[in-house]
Amino acid sequence: MKKYIPSQIESKWQKEWRENQLYLSDLSDDKLKYYVLVELPYTSGDLHMGHWFTFTMGDVLARFKRGQGFNVLFPNGFDAFGLPAENAAIKRGIHPRDWTYKNMERMKDQFDTMGTAIDWTKTMMACDPKYYKWNQWIFLKMLEKGLAYRGKLLSNWCPKDQTVLANENVEDGKCWRCGAKVVQKEIDQWLFKIIDYADQLIWQEPPQAAWPKPLRVGQNDWIGRSEGLILDFDGIKVFTTKPETTDGATFLVLAPEHPLVGKLTANKQKDDVESYISRIKSKSELERKENKEKTGVFTGSNVLNPVSGKKIPVWVADYVLMGYGTGAIMAVPYADERDRQFAKEFKLPIIKTSFKARPAGQKQTQYHLHDWSISRQRYWGTPIPIIYCDNCGTVPVPEEDLPVELPYKVDYAPQGKAPLATAEDWVNTQCPKCKGKAKREVETMDTFVDSAWYFFRYLDPENDKEIFDKKVVDAWMPLEIYIGGPEHTLGHALYSRFFTKFFKQLGLIDFDEYAQKRIHHGTILGPDGARMSKSRGNVVNPDDQVKKYGADSIRLYLMFLGPFDIVTPWSPEGINGIYRFLQRIWNLPEKLTINDERLTMNDLQIMHKTIKKVTEDLDSVKFNTAIAGLMEWLNYLSKKEKISEEEYKTFLLLLSPFAPHITEELWQLINGKWKMENGKWKDKKFSIHKHSWPQFDNKFLEEEEVFIAVQVNGKVRDSLLIQKDIVSNKETVEKIALESPKVQKFIEGKSVKKTVYVQGRIISFVI
RNA sequence: GCCGAGGUGGUGAAACGGUAUACACGCAGCCCUCAGAAGGCUGUGAGCGCAAGCUCGUGGAGGUUCAAAUCCUCUCCUCGGCACCA
């Protein structure tokens with residue numbers, strides 16, 4: 001018995017595959033295309049177990065489909081812009097660009113150690129001007145179509161760092177960097193008008209593409225379309241979805257930020273209202289969200305309820321949000337729980353509504369979704385291609401001047417203004433219109449812009465004339481399967497759909513959804529069952545595991561753990577078990593006989609059954625049961641004295657997507673020796689990964705005899721071995737079943753009222 | 001509170017309405033060994049029994065069906081998302 005030592009074979013084959021360019025895809029051939037995509041990694045520095053999990057899935061599918069004769073594209077790139085790079089760079093005193101490029105190199109090497117069949121000639125890096133030029137181009141197109149605009153938006157604001165923070169950079173209501181309490185502030189910023197696409201982004205039933213239901217429901221809820229009326233109460237406009245309850249409206253409530261608050265406040269209420277508003281404004285976002293108790297103050301003004309004809313008071317309260325509807329509501333405490341709480345708290349009247357009111361109003365559709373703020377007062381991102389001129393105002397950078405390159409020499413440490421403002425040579429420029437002195441926009445784009453369309457660019461990454469070649473994209477999109485995380489449901493997965501619909505409007509593409517299928521992968525937790533994190537010290541480092549067990553063991557272990565969406569701990573014993581499985585395969589050649597091809601019916605049946613199982617399971621993305629099928633077959637083969645070349649090769653082929661290195665090594669034992677010249681393959685097709693996928697033959701799948709369970713009153717009492725040729729004959733099967741002594745025992749002395757026979761499965765007697 | 005996904009052995013998990021627990025981990029016994037490691041064989045849902053076998057069993061309670069982990073109703077729990085959206 002030889003010991004299986006993965007380090008002796010894995011890097012050897014990785015080098016061989018790379019040098020022979022085994023995984024290049026020819027995009028000009030699109031007859032049988034298969035485009036598999038995994039969400040691109042962030043350039044954090046090291047691949048973690050999550051990357052291994054998701055990229056192994058993509059890799060298994062890519063290899064399987066390639067074997068089936070598909071022209072497969074399995075690309076990858078890097079999400080290389082963003083705050084963590086800046087932060088790490090500030091901490092370590094390295095320039096964000098140098099830090100990022102170093103990480104990308106390292107991560108590419110780590111992808112190699114995983115043995116992925118990634119075609120690295122179809123790639124992108126968000127921080128490469130070749131790529132972000134087209135972010136800028138998209139921005140200009142948005143501007144042209146009226147979909148990009150400068151607007152004021154209530155945002156998370158860190159008063160210490162003087163910057164807007166994305167929601168995900170607010171931790172427990174505090175700035176993730178300095179810990180200062182985040183406040184809500186109106187900030188002037190660039191926005192994309194995603195609201196214009198809200199209706200198109202709503203998922204219909206049945207869905208236009210096979211995306212996960214939680215994503216479809218989540219996105220629809222997030223878009224939050226509701227239809228109602230705008231009603232006018234003496235000049236105060238309110239939005240309601242239940243105009244029929246207007247007769248029960250006993251007061252009005254304005255959001256604290258509502259522009260009419262000042263005008264409506266009576267002199268004697270002025271102090272009360274002002275102190276209430278300043279109290280609310282001083283609260284952090286978190287405090288406002290957490291506190292569900294109703295607070296508010298009377299303005300001193302009254303308005304007329306047009307339906308009841310009564311004067312009703314106008315209040316200010318923070319349970320009404322400025323960001324939704326008109327920022328003012330009519331309160332119907334009889335019909336609405338929140339209004340009722342407020343009415344009780346402040347002793348306001350609650351009167352019954354008839355639900356038959358028909359007030360005059362204007363039809364209005366409201367959305368929970370807000371326009372997408374893309375401005376970041378940060379350095380490490382795509383510069384927004386805008387120039388401010390004293391004479392001409394806001395001037396877009398002309399297309400032919402793109403890309404606006406991010407300057408290298410910048411003081412990117414936070415100092416209360418956008419870092420780009422410190423690059424004075426860069427900021428001061430010429431107005432494209434009047435040629436006079438002008439200044440560049442110093443904000444950069446949200447990195448979610450980068451990832452909203454990268455999968456288009458993989459198809460034509462070097463194109464500097466246009467964003468992509470329409471012909472190639474027409475042929476290769478929509479992609480077949482997109483593997484990603486459920487945490488992107490409301491961010492990336494929505495933005496990328498928005499861009500797709502925008503591209504269609506521009507005439508760049510002809511389809512509505514960019515992925516035919518999306519699946520949400522699970523999470524590998526630490527051995528202690530908690531999310532892996534450095535601070536917990538429960539991180540399982542893939543590099544260490546590679547040294548110990550090899551890449552094939554990790555890949556196989558991750559795929560065998562459970563379904564692709566499993567959330568489960570890493571098990572040190574589990575991976576050891578998989579290593580033992582590979583060790584047994586490593587010794588298969590000991591049983592191999594080349595010139596003895598006699599296979600029994602049993603041998604053939606289990607072989608073809610396994611081919612069928614692995615093939616069908618992979619087609620339905622059930623990696624774990626496919627591997628279980630291979631284990632069963634190996635258990636069978638292990639009991640045999642000798643195994644034939646056909647069995648050996650078929651087994652290796654079926655295993656090869658999961659464990660590409662060991663299968664290549666063992667394959668070469670019988671195939672490779674005389675196909676190599678000077679240490680190079682004469683022809684790449686002699687790699688196991690260029691061999692075609694095994695086919696199963698139905699004639700070996702029909703069992704000679706089958707077990708049929710016999711039930712009496714719903715309980716299994718016996719199991720009969722029935723010959724194939726009498727399985728379809730109900731009377732005969734029934735007769736045999738009734739003769740069984742075990743069955744007799746339960747039927748004796750009683751009469752059979754009913755018999756149900758499911759062919760080849762079960763026969764059921766009711767007595 | 002609302003929405004979504006789930007609850008099956010000691011553990012990760014299998015199972016077109018048709019013999020629940022495949023496959024693997026762990027554990028136990030035996031073989032091999034000076035010994036250990038590695039490997040091999042056997043057993044492993046619970047209860048009763050020497051055994052054949054019987055009874056119970058997929059969070060809980062009902063229901064539909066010859067037959068339910070699977071379908072229906074109610075309920076409890078876990079995880080994820082959203083959350084004063086008028």
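The structure presented is a predicted model; accordingly, all values stated were derived computationally and were not measured. Protein chains get the first letters and strands the later ones, always in sequence-line order, with residue 1 at the start of each.
For the pair A/Pro572 and A/Asn576, the minimum side-chain heavy-atom distance is 4.5 Å or more.
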Check nucleotides 55-57 of chain B for protein N or O atoms closer than 3.5 Å to its own N or O atoms and list the pairs.
unit_1: B/rU55; atom_1: OP2; unit_2: A/Arg717; atom_2: NH1; d: 3.2
unit_1: B/rC56; atom_1: OP2; unit_2: A/Lys715; atom_2: NZ; d: 2.9

Enumerate the protein-to-nucleotides 9-12 of chain B contacts in which both atoms are nitrogen or oxygen and the separation is below 3.5 Å.
unit_1: B/rG12; atom_1: O3'; unit_2: A/Thr568; atom_2: OG1; d: 3.4
unit_1: B/rG12; atom_1: O2'; unit_2: A/Leu561; atom_2: O; d: 2.8

Every protein N/O within reach of nucleotides 79-81 of chain B N/O, cut-off under 3.5 Å:
none

Can you pull every protein N or O that's under 3.5 Å from an N or O on nucleotides 41-49 of chain B?
none

Check the interface with nucleotides 16-19 of chain B: list each N/O to N/O pair with the protein under 3.5 Å, or write none.
unit_1: B/rG18; atom_1: N2; unit_2: A/Gln711; atom_2: OE1; d: 3.2
unit_1: B/rU19; atom_1: N3; unit_2: A/Ser719; atom_2: OG; d: 3.4

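Counting only heavy atoms from C-beta on, A/Val217 has its side chain closest to B/rC3 among B/rC3, B/rC84, B/rC23.
Within the 4.0 Å cut-off from OP1 or OP2 of B/rG26, at least one side-chain nitrogen or oxygen of A/Arg580 is found. Between A/Asn635 and the phosphate of B/rA24, there is a side-chain N or O to OP1/OP2 separation shorter than 4.0 Å.
In this structure, B/rG9 shows a glycosidic angle within 90 degrees of zero, which is the syn conformation.
Sorted by first and then second residue, the salt bridge (charged side-chain N to carboxylate O under 4.0 Å, His left out) pairs with a member in residues 201-210 of chain A read A/Glu205-A/Arg216; sequence neighbours excluded. Every pair passing salt bridge (charged side-chain N to carboxylate O under 4.0 Å, His left out) that includes a residue from residues 520-531 of chain A is listed here, sequence neighbours excluded: A/Asp528-A/Arg536.
Residues from residues 231-254 of chain A placing a heavy atom under 4.0 Å of any atom in RNA chain B, listed by number, are A/Phe239, A/Thr240, A/Thr241.
Looking at residues two or more places apart in sequence or on another chain, you find no salt bridge (Lys or Arg N to Asp or Glu O under 4.0 Å) involving A/Lys622. Residues meeting the salt bridge (Lys or Arg N to Asp or Glu O under 4.0 Å) test with A/Asp371, sequence neighbours left out: none.
The interatomic distance linking A/Leu321 (CG) with B/rA86 (C1') rounds to 9 Å, in whole Å.
Atom C1' of B/rG80 sits at a distance of 22 Å from the matching atom of B/rC84, rounded to the whole Å.
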Please set out all donor-acceptor pairs under 3.5 angstrom arising from side-chain atoms of residues 352-364 of chain A, sequence neighbours excluded.
unit_1: A/Thr353; atom_1: OG1; unit_2: A/Asp247; atom_2: OD1; d: 3.0
unit_1: A/Thr353; atom_1: OG1; unit_2: A/Phe355; atom_2: N; d: 2.9
unit_1: A/Ser354; atom_1: OG; unit_2: A/Asp247; atom_2: OD2; d: 2.7
unit_1: A/Ser354; atom_1: OG; unit_2: A/Lys356; atom_2: N; d: 3.1

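Stem regions for RNA chain B, each three or more consecutive Watson-Crick or G-U pairs with both distances under 3.5 Å and listed by first number, read B:1-7 with B:76-82, B:10-12 with B:23-25, B:26-31 with B:39-44, B:45-48 with B:53-56, B:59-63 with B:71-75.
The residues A/Glu731 and A/Lys735 are annotated as not salt-bridged, no charged nitrogen and carboxylate oxygen being separated by less than 4.0 angstrom.
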